[in-house]
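A short write-up of the structure that comes next.
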Number of protein chains: 2
Amino acid sequence: MIETPYLLFLGDAPDQLAAKVAQGIRDWRPEHALGQLRMEGCKADVGLPDMTLEEARAAGAKTLVIGVANRGGVISPAWKKVLVAALEEGFDLASGLHNLLRDEPDLVAATRAHGRQLHDVRVPTVAYPIANGRKRSGKRCLAVGTDCSVGKMYTALAMDRAAKARGMKSSFRATGQTGILITGEGVPLDAVVADFMAGAVEWLTPDNDDDHWDMIEGQGSLFHISFSGVTMALIHGGQPDALILAHEPTRTHLRGLPEHPVPSLEALRDLALPLARIANPRAQVVGISVNTAAMGEDEALSYLESVERRMGLPTVDPFRQGAERLVEALEAI
Amino acid sequence: MIETPYLLFLGDAPDQLAAKVAQGIRDWRPEHALGQLRMEGCKADVGLPDMTLEEARAAGAKTLVIGVANRGGVISPAWKKVLVAALEEGFDLASGLHNLLRDEPDLVAATRAHGRQLHDVRVPTVAYPIANGRKRSGKRCLAVGTDCSVGKMYTALAMDRAAKARGMKSSFRATGQTGILITGEGVPLDAVVADFMAGAVEWLTPDNDDDHWDMIEGQGSLFHISFSGVTMALIHGGQPDALILAHEPTRTHLRGLPEHPVPSLEALRDLALPLARIANPRAQVVGISVNTAAMGEDEALSYLESVERRMGLPTVDPFRQGAERLVEALEAI
């Protein structure tokens, strides 16, 4: 568990996109984000007050989160000075970079000297159990995609927000690096050893109040041969009551697999639902989340309408329209 | 790759079952197994000449394989003396035990002193790639089960043997500890990190002659929620041309999951085939392998016949009948 609130480190981000982890924290957990720290030449701005390390500490910030992805995952010498100064100032550090904080001797030395902690959220820190498949109390929702990177995390976060706004009990359950940095906890599922994947998902979504929903962050796709085993573990470990189908309609082939066409929403439904019912016989497909970012407003709305008619399920782009209709579908279960 | 031939260490095995890894090597790769080494009180015998370390070295043995599973996976002090002596004598050591050879300081010291190698086959030693899903040359066969531990490894080994006996090109591809010790190489799939599972299977079953068959060792089951992600990675990384359905008809529930009934062969077929066709559109279910060890001869034969009629597929118990009919079904593809 990463201590909050955060100061978000944007470093020398070359553009706004490079700071998308910081933007995610800012968008989804504004209460965790006190300010941003930008270095000379930083081209990103997530709309938070610029703070020095001293100002952020005085305001109560506990952890400096590396909210920027740099080329090659390297922790640059220019960053190092700031990170070491942060440890000296009393901050913990958290990072989702490929290159680990713990592999940098100067950061390790400063962490020890000042009694701080380094959080590399790509590395599992828990000895997860093997899944036992027992029915747990509480309810769970999982988005499954026709492909990777179609908006499953965004969908779960938007549903969590919409559920809370309706007064429902809900927890977003992070299974990837960005999700973990946003919430401060979760399971880096793609780094878990095969035998313990489903058990890690069970661990992440334990018994809960009967009217509580876990909004589980999806990973991969059943149709994406590189990562389908991870998706399978989410479906069986998560034992979802509700599935959301997630789709990006302008893609011509699966991400990174040029020979593999994107399947239809019908094919996804017909594959995912029988698999989900192995773990939870009452699993249902309750709605569809479409990422229409590559479409104009009119085109997007007419596409969403046509899918809704075709599939007979509430169909929204949570970014354009919010996730209220998906959450209403959960309430109807 | 573990150097062959082997001397099989049976230690102080309390019964025959405890030596089943040694028995597997003896049964499936007799050309790798020069002899057995039994300690005082050993109750197992795999039918090989008893040899001292010196005799086995003189006969050409390269590796002492721990062919016995002991309670709790501990490497006992009684074993230690023999293992250290083997390293001094010039043997490498290979083990599939949970407790690792490499975690025993005295074994590590002796290994260094004598320039030998320790093989802990539970631990991946290759940096496997992420799967790319490209169609590979050659053909592949995978057994998928209604449950875990229904005879998938045995089926693949029996098919490999039957194929070679017919003059077909065939390789058994090990994905578990026992299979790796039998063949001297493979991928310990259940210990591979999630993101690289399917890539590890691609690595294990590379391009080959058009008329070559990889007989891939199956793992887990699509219906077994603890391990279904591993099975999924085998189906998508292995891109099998042929699936064999594997079943144990007397089981009342899935192994370790008392609330989960064993599915029908029809349910397995209908779930596995569409998943396999994502990676290989020409995938077919070609036969059924039934483990009838718990049945009498008459009961077994009549059960096999009834399944064959019901499913319309060659149905055999490879232990009772050999795997020739399954291999004929591959040839027909």
Side-chain angles (χ1 to χ4, degrees), chain A residues 122-124 129-135 175-176 187-202 219-239 253-254 256-261 263 267 270-272 274-281, chain B residues 122-124 129-135 175-176 187-202 219-239 253-254 256-261 263 267 270-272 274-281:
Chain A
R122 281 186 185 268
V123 183
I130 286 177
N132 63 40
R134 277 198 293 274
K135 180 71 190 151
T175 63
V187 168
L189 192 58
D190 61 12
V192 172
V193 163
D195 251 4
F196 305 99
M197 293 185 299
V201 181
E202 289 189 348
Q219 296 292 336
S221 164
L222 290 170
F223 289 88
H224 196 293
I225 60 92
S226 310
F227 308 116
S228 52
V230 183
T231 312
M232 184 77 267
L234 274 161
I235 292 174
H236 281 175
Q239 54 183 231
H253 61 75
L254 295 186
L257 302 178
E259 296 164 30
H260 290 250
D270 294 346
L271 197 65
L275 288 168
R277 287 187 170 160
I278 291 170
N280 183 348
Chain B
R122 280 186 187 267
V123 183
I130 286 178
N132 63 41
R134 278 198 293 273
K135 180 71 189 149
T175 63
V187 168
L189 192 58
D190 62 11
V192 172
V193 163
D195 252 2
F196 304 100
M197 294 186 298
V201 181
E202 290 190 348
Q219 295 293 338
S221 164
L222 289 170
F223 289 88
H224 195 293
I225 59 91
S226 309
F227 308 116
S228 53
V230 183
T231 312
M232 185 77 267
L234 275 162
I235 292 174
H236 281 175
Q239 55 182 230
H253 61 75
L254 295 186
L257 302 178
E259 296 164 30
H260 291 250
D270 295 346
L271 197 64
L275 288 169
R277 288 187 169 160
I278 290 170
N280 182 349

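In what follows, every chain begins at residue 1, and chains take the letters A, B, ... in the order their sequences are listed.
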What are the two closest non-hydrogen atoms of A/Glu259 and B/Lys135, and how far apart are they? OE1-N, 4.1 Å

Engaged part of B/Val192 at the chain A interface, taking heavy atoms whose separation is under 4.5 Å: backbone

Nearest heavy atoms of B/Ala279 and A/His260, plus distance in Å: CA-CE1, 4.5 Å

Mind checking the CG-CZ spacing from A/Asp190 to B/Phe196? Nearest 0.5 Å is all I need. 8.0 Å

What heavy-atom pair brings A/Ser228 and B/His236 nearest, and what distance separates the two atoms? OG-ND1, 2.6 Å

If one checks every heavy atom of B/Glu202 against chain A at 4.5 Å, the contacting part turns out to be side chain

Contacting moiety of B/Leu254, where chain A heavy atoms sit under 4.5 Å: neither

Using non-hydrogen atoms and a 4.5 Å limit, figure out which bit of B/Leu271 sits close to chain A: side chain, backbone, both or neither. side chain

Is a side-chain donor or acceptor of A/Ser226 paired with a backbone partner of B/Asn132 at a separation under 3.5 angstrom? no

Pick from B/Leu222, B/Val230, B/Val193: which one has the most heavy-atom pairs with chain A under 4.5 Å? B/Val193

Below 4.5 Å from any heavy atom of chain B, which atoms of A/Ile235 appear? Answer side chain, backbone, both or neither. neither

Looking at B/Ile278, B/Leu189, B/Asp195, B/Leu257, which has the largest count of heavy-atom pairs under 4.5 Å with chain A? B/Asp195

Among B/Gly229, B/Gly237, B/Pro129, who wins on heavy-atom pairs under 4.5 Å with chain A? B/Gly229

Go through the structure and list residues passing side chain to side chain contact (heavy atoms under 4.5 Å, CB included) with A/Asp270, not counting sequence neighbours. none

Other residues, nucleotides, ligands: >12 heavy atoms within 6.0 Å of B/Arg134 CZ: no

In this structure, CD of A/Gln239 is separated from CD1 of B/Ile225 (nearest 0.5 Å) by 7.5 Å

Sequence neighbours excluded, the answer for ring pair (Phe, Tyr, Trp, His ring centres under 6.0 Å) partners of B/Phe227 is B/His224

